[in-house]
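My structure is below; once you've seen it, I'll send some questions.
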Amino acid sequence: MKFLLLLPYDNSSDNQFRTWGQGISNAFASGGLVNTNAVGSINWATVLRPTGSSQVAGFEVWRFNDALQSTAPVYLKIIYSSATNSPGGPGIQIQVGTTTNGSGTFLGTQNTSLQNLAAVAANGTSGTLQTSFMSVDTNRVAGAFFLGTGFNSTEQYFGVERSKDNSGNDTTSSIIVNWGKAGSTWGQQCIPVSGGVPTAEVRWCALGPVGTTTANAGSFVVSPVFPLLGSVQNPGKNFMVLAVNDLPQWQIITLNPYGTPTDYVRLDDLGTTVMGLANSRVIMRFD
Amino acid sequence: MAIFSASFDFTTANTVGQVKMYLPIHNAFMACGWTDVSASGALFPVNGTRGFPVGAGTEWGYDVYAMNDASQSAAPIYVRVGYGTDAGAATTLKITFQVGFAQNNSGSITSAQSITRTVENNNNTSIWSGSLLYASGDGSRIQIYANPQQAGHPWITSLERTHDTNGGDTTEGVTLIGRNIAGAINYSDVLLPNTGTYTEAQWAVLMSQNNPSTFGGSVGYGVPFPYFGRIMNPIRGLLVIATNEVGTIGVVTSVPIYNVSQSYAYWGAQAGSLTPGNSPASAAWMRWE
């Protein structure tokens, strides 16, 4: 299920904080993920806004709700907080793994470290609603938040999905996690259900463009993003990469990953170094 | 398939240098099985000089070679190798590869689609000595890595036909992928005779930024993918390796490409900056068989 969310980039009041946070939370639920109601989870009726920089107001733990969840569980913890150096700016932190203790703490080693996606020093923009996109189903989630503010870099991206077989079907072997934030901090990590966990990548692994366009002979290059477990794994479907001028911002395009028509939306122009190439941009699954 | 190596000392400051510049490249094409089309006016080993002095921005010689494989009659591919001086100075080396689909036996590539790539232009004004040129190929491909241990001077290039999903050659077109180190230029060129040309200023590879990349017993090898409005099947002539995993100079490693084991050699780290943002720091392995 796809969501176009107009969220206040604003922690100036409890109401504003609850509005953007609960907007995200509601999309998780509407899309088909399950709130584990972990002990200590945020209460949207009573939670107070963060009043300090990088201050945690509360968290939720969501899980997949597909047929594979019983044998290969996937949990996503999302923390609702504030910008690193500004209490007025909303901040999202995520952590993904296979096992939790029921109180918001991941157990074992099969998980990412906590990724703080908050902008460093982005003040809130009181009264202004910012564009955000989410795409959620029982077995995946992708989100891109606070895009195109025009006054500061506030974008915050993440995606979680299962590993894929050669046909693009979900497998139980690992979890594909991608994230990004303002300030050109990008990362991806593939979390196997067992065994060693590779070091997180500091960029997305894709075949990106150098120039502003790859258009030629009536088509242009769109690259999947490939998880890495020593070797290159079958790509996920949440995100892809293309050249800046090959698709306008906010444009929706139908692609055929693994032969299945799937809609993607071109995200903002701030994510310029998703893979170390200044002209690369991100498109996100939007269905 | 053949491998070839030769001394690559040269200078553009005299005719002896011109010969030394020409012969290793010519002999590499011959050793790999290509055909010298004996174009009128071309250089030949017996008269490997076009005279000295020459001014800046002057080409003093060339030769034209044809692939020599089963597809050449139906899908011909030619490369014109030009030798001269760059525009900057009379002592500045310049080597060009012009790739196309037809030639006129007089030193011109005549197909509608062609691309000229300066594989080397070096502002070094001194005589080089102790350099080497390595080549690998057959009648359908050639890989050349010149001066791989000489900082600032190396150049590496791979010319091969496009490939199908099994790695077999196709008659769709040709790829020219390489790096001109002195010019700090990466190039990934695709020519399709019936469609056009496309140039990408990088080797598009899938690489971990972790250096070393080793995880679970696997080492990351970046296989360059050409673009032509789409991602094409990767080339087989070159690989990108993180600097902490390149190994020892001269060591040959077998790597499965298209599920077929191929041999690649590491000749030096000078051809770096092959990954986006140079992350990780990388070097090239060249097909060596």
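In what follows, chains are A, B, ... by sequence order, proteins preceding strands, each numbered from 1.
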(request) Give, for atom OG of A/Ser223 and atom OH of B/Tyr227, the distance between the pair rounded to the nearest 0.5 Å. (result)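 Output value for this atom pair is 6.0 Å.
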(request) Working to the nearest 0.5 Å, report the span between OG1 of B/Thr195 and CG of A/Asn216. (result)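 That separation rounds to 8.5 Å.
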(request) Measure B/Ser208 against the heavy atoms of chain A and call it side chain, backbone, both or neither at under 4.5 Å. (result)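 Answer is both: backbone and side chain atoms of B/Ser208 are under 4.5 Å from chain A.
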(message) Are the side chains of A/Leu277 and B/Gln202 in contact, using a 4.5 Å heavy-atom criterion?
(response)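 B/Gln202 vs A/Leu277: side chains touch.
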(message) Taking the side chain as everything from C-beta on, heavy atoms only, tell me whether A/Thr214 gets closer than 4.5 Å to B/Tyr198.
(response)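 SC-SC contact between A/Thr214 and B/Tyr198 confirmed.
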(message) For the CZ atom of B/Phe225 and the CG atom of A/Leu207, what is their distance to the nearest 0.5 Å?
(response)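 The CZ atom of B/Phe225 sits 5.5 Å away from the CG atom of A/Leu207.
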(request) Measure distances from A/Leu228 to the heavy atoms of chain B and classify the residue's part below 4.5 Å as side chain, backbone, both or neither. (result)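 The answer is the side chain of A/Leu228.
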(request) Could you look at B/Thr275 and say if it's the side chain, the backbone, both or neither that has a heavy atom under 4.5 Å from chain A? (result)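 Neither; nothing under 4.5 Å.
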(request) Side chain from CB out, backbone as N, CA, C, O: work out which of these in A/Val225 comes under 4.5 Å of a heavy atom of chain B, or both, or neither. (result)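 For A/Val225, there is no contact with chain B at all, as no heavy atom is under 4.5 Å.
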(request) Can you see which heavy atom on B/Gly229 is nearest to which on A/Ser219, and at what distance? (result)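 The pair with the smallest heavy-atom distance is O-OG, 2.8 Å.
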(message) Heavy-atom count check: over 12 atoms from other residues, nucleotides or ligands less than 6.0 Å from A/Asn256 CG?
(response)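 More than 12 within 6.0 Å, yes.
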(request) Using side chain to side chain donor-acceptor pair (under 3.5 Å) as the criterion, list what pairs up with B/Ser140, not counting sequence neighbours. (result)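 Residues passing side chain to side chain donor-acceptor pair (under 3.5 Å) with B/Ser140: B/Asp138, B/Asp169.
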(request) Using non-hydrogen atoms and a 4.5 Å limit, figure out which bit of B/Gln209 sits close to chain A: side chain, backbone, both or neither. (result)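 Its backbone and side chain both get close to chain A.
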(message) Using heavy-atom distances under 4.5 Å, tell me whether A/Thr213 contacts chain B through its side chain, its backbone, both, or neither.
(response)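 For A/Thr213, the contact with chain B is made by the backbone alone.
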(message) Heavy-atom pairs under 4.5 Å with chain B: which of A/Thr199, A/Asp246, A/Val232 has the most?
(response)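 Looking at each option in turn, the highest pair count goes to A/Thr199.
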(message) Minimum heavy-atom separation for A/Val210 and B/Ala201, please, with both atom names.
(response)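 For A/Val210 versus B/Ala201, the nearest heavy atoms are CG2-O, 3.6 Å.
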(request) Report yes if the side chains of B/Ser279 and A/Arg203 come closer than 4.5 Å at any heavy-atom pair, otherwise no. (result)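 Sidechains of A/Arg203 and B/Ser279: in contact.
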(message) Can a donor-acceptor pair be found, under 3.5 Å and without considering hydrogens, that links the side chain of A/Ser231 to the backbone of B/Ser218?
(response)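 Judged by distance alone, no pair lies under 3.5 Å.
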(message) I'd like to know if the side chain of B/Glu200 reaches the main chain of A/Pro209, judged simply by a donor and an acceptor atom lying under 3.5 Å from each other, with no hydrogens or angles considered.
(response)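 No, because the side chain of B/Glu200 does not come within donor-acceptor range (under 3.5 Å) of the backbone of A/Pro209.
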(request) Can you see which heavy atom on A/Leu229 is nearest to which on B/Phe215, and at what distance? (result)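 Answer, listing the atom of A/Leu229 first, then B/Phe215: C-CD2, 3.5 Å.
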